[in-house]
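Below: one structure, written as structure tokens.
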Amino acid sequence: QLQLVESGGGLVQPGGSLRLSCAASGFTLDYYAVGWFRQAPGKEREGVSCISASGGSTNYADSVKGRFTISRDNAKKTVYLQMNSLKPEDTAVYYCAARYITCSSYRYEYAYWGQGTQVTVSS
């Protein structure tokens with residue numbers, strides 16, 4: 001069974017950091033681009049960052065550029081999202097998703113999704 005499992009969410013104060021992990025089971029991530037998306041209450045799910053299968057291409061939403069860093073370790077079948085200088089507006093459920101080889105801005109083009117992990121930024 002193909003699964004993605006997110007972890008690393010939690011409650012953090014503004015200015016703090018978290019590292020999210022997205023672990024794959026049942027398949028190898030080597031041939032899959034992995035994107036991070038987030039959804040705040042009452043809002044649409046939006047793309048945050050993505051890394052290509054090779055790791056050679058990454059992209060970020062303007063709202064997180066310079067603060068978030070995506071990386072991958074294919075040997076561990078895991079993709080990470082390092083989030084620094086967190087703001088209250090980063091509060092959301094964060095999801096990872098996988099699609100073949102290249103990133104896409106369209107969430108419906110991702111075949112596999114995790115269950116999400118809550119990130120809350122509050123003092």
Side-chain angles (χ1 to χ4, degrees):
Q1 186 176 1
L2 308 181
Q3 279 190 317
L4 294 173
V5 179
E6 302 96 336
S7 61
L11 173 64
V12 63
Q13 292 187 340
S17 297
L18 284 173
R19 188 177 79 157
L20 304 184
S21 299
C22 172
S25 65
F27 69 110
T28 177
L29 272 181
D30 292 27
Y31 302 108
Y32 289 86
V34 175
W36 283 97
F37 295 78
R38 67 186 181 186
Q39 188 165 19
K43 293 190 175 181
E44 292 280 321
R45 192 171 299 189
E46 63 176 356
V48 174
S49 183
C50 186
I51 186 166
S52 64
S54 69
S57 175
T58 59
N59 58 57
Y60 299 90
D62 287 343
S63 59
V64 306
K65 277 180 184 175
R67 299 188 298 123
F68 291 10
T69 303
I70 193 169
S71 62
R72 65 189 299 151
D73 184 339
N74 284 351
K76 295 183 178 179
K77 299 197 292 183
T78 302
V79 171
Y80 304 97
L81 186 68
Q82 178 67 43
M83 306 187 297
N84 298 329
S85 302
L86 282 161
K87 304 175 181 180
E89 51 263 44
D90 294 319
T91 296
V93 177
Y94 283 71
Y95 300 89
C96 64
R99 72 183 299 270
Y100 194 64
I101 301 296
T102 58
C103 291
S104 171
S105 299
Y106 302 102
R107 60 182 185 265
Y108 60 80
E109 292 190 350
Y110 288 78
Y112 307 107
W113 287 83
Q115 82 291 347
T117 186
Q118 176 70 47
V119 171
T120 303
V121 185
S122 175
S123 55

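Computed from a predicted structure; not experimentally measured. In what follows, every heavy atom counts, from backbone to side chain, and hydrogens, waters and symmetry copies are set aside.
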Next on the checklist: I'd like to know whether Q115 forms a side chain to side chain contact (heavy atoms under 4.5 Å, CB included) with E6, so could you lay out the CA-CA distance, the side-chain angles of the two residues, the decisive distance to 0.1 Å, and finally the verdict.
Outcome noted: CA-CA 7 Å; Q115 82 291 347; E6 302 96 336; 2.9 Å; yes
Checklist entry - So how far is it from S104 OG to N59 CG, rounded to the nearest 0.5 Å? => result 9.5 Å
Checklist entry - Applying the 4.5 Å side-chain criterion to the ILVMFWY set and letting contacts propagate, would L18 and Y80 be lumped into a single cluster? => result no
Item to check | F68 reachable from V93 in the ILVMFWY side-chain graph, under 4.5 Å edges | outcome: no
Checklist entry - Which atom pair, heavy atoms only, marks the closest approach of Y110 to Y106? => result CD1-O, 3.4 Å
Checklist entry - Is it true that K87 and D90 have a side-chain N and a carboxylate O under 4.0 angstrom from each other? => result no
Checklist outcome for this item: Separation between CD (Q39) and OH (Y94), nearest 0.5 Å, reads 12.0 Å
Checklist outcome for this item: Nearest heavy-atom approach of C22 to L4 is SG-CD2, 3.9 Å
Next on the checklist: Side-chain heavy atoms nearer than 4.5 Å, only ILVMFWY residues, links allowed to pass through others: does that put V79 and L2 together?
Outcome noted: yes
Checklist outcome for this item: Of all heavy-atom pairs linking S123 and P14, the shortest is N-CD, 3.7 Å
Next on the checklist: Could you check whether any side-chain heavy atom of T102 comes within less than 4.5 Å of a side-chain heavy atom of S52, counting everything from C-beta outward?
Outcome noted: no
Checklist entry - Which is it for I70 and Y60 under the side chain to side chain contact (heavy atoms under 4.5 Å, CB included) test, yes or no, and what are the steps along the way? => result CA-CA 9 Å; I70 193 169; Y60 299 90; 3.4 Å; yes
Item to check | Pair D30-Y32, side chain to side chain contact (heavy atoms under 4.5 Å, CB included): steps then yes or no | outcome: CA-CA 6 Å; D30 292 27; Y32 289 86; over 6 Å; no
Item to check | Value rounded to 0.5 Å, distance of CG in L29 from CD1 in I51 | outcome: 10.5 Å
Checklist entry - Which residue pairs pass the salt bridge (charged side-chain N to carboxylate O under 4.0 Å, His left out) test when at least one of the two sits in residues 103-114, sequence neighbours left out? => result E44-R107, R99-E109
Item to check | Flag side-chain contact, heavy atom, 4.5 Å: V12 against S17 | outcome: no
Checklist entry - Taking the six-membered ring of F37, is the NZ or CZ of R45 close enough (under 6.0 Å from the centre) and on axis enough (within 45°)? => result no
Checklist entry - Which residues satisfy the side chain to side chain contact (heavy atoms under 4.5 Å, CB included) test with S63, sequence neighbours excluded? => result R38, A61
Next on the checklist: Check for me, please, whether Y95 and L81 land in the same ILVMFWY cluster - side-chain distances under 4.5 Å, paths through other members count.
Outcome noted: no
Checklist entry - Under a 4.5 Å side-chain heavy-atom rule over Ile, Leu, Val, Met, Phe, Trp and Tyr, are V34 and L20 clustered together? => result yes
Item to check | Sidechain-backbone polar pair: R67 side chain, S85 backbone, donor-acceptor under 3.5 Å | outcome: yes
Checklist entry - Do Q118 and T91 come close enough that some side-chain heavy atom pair is under 4.5 Å? => result yes
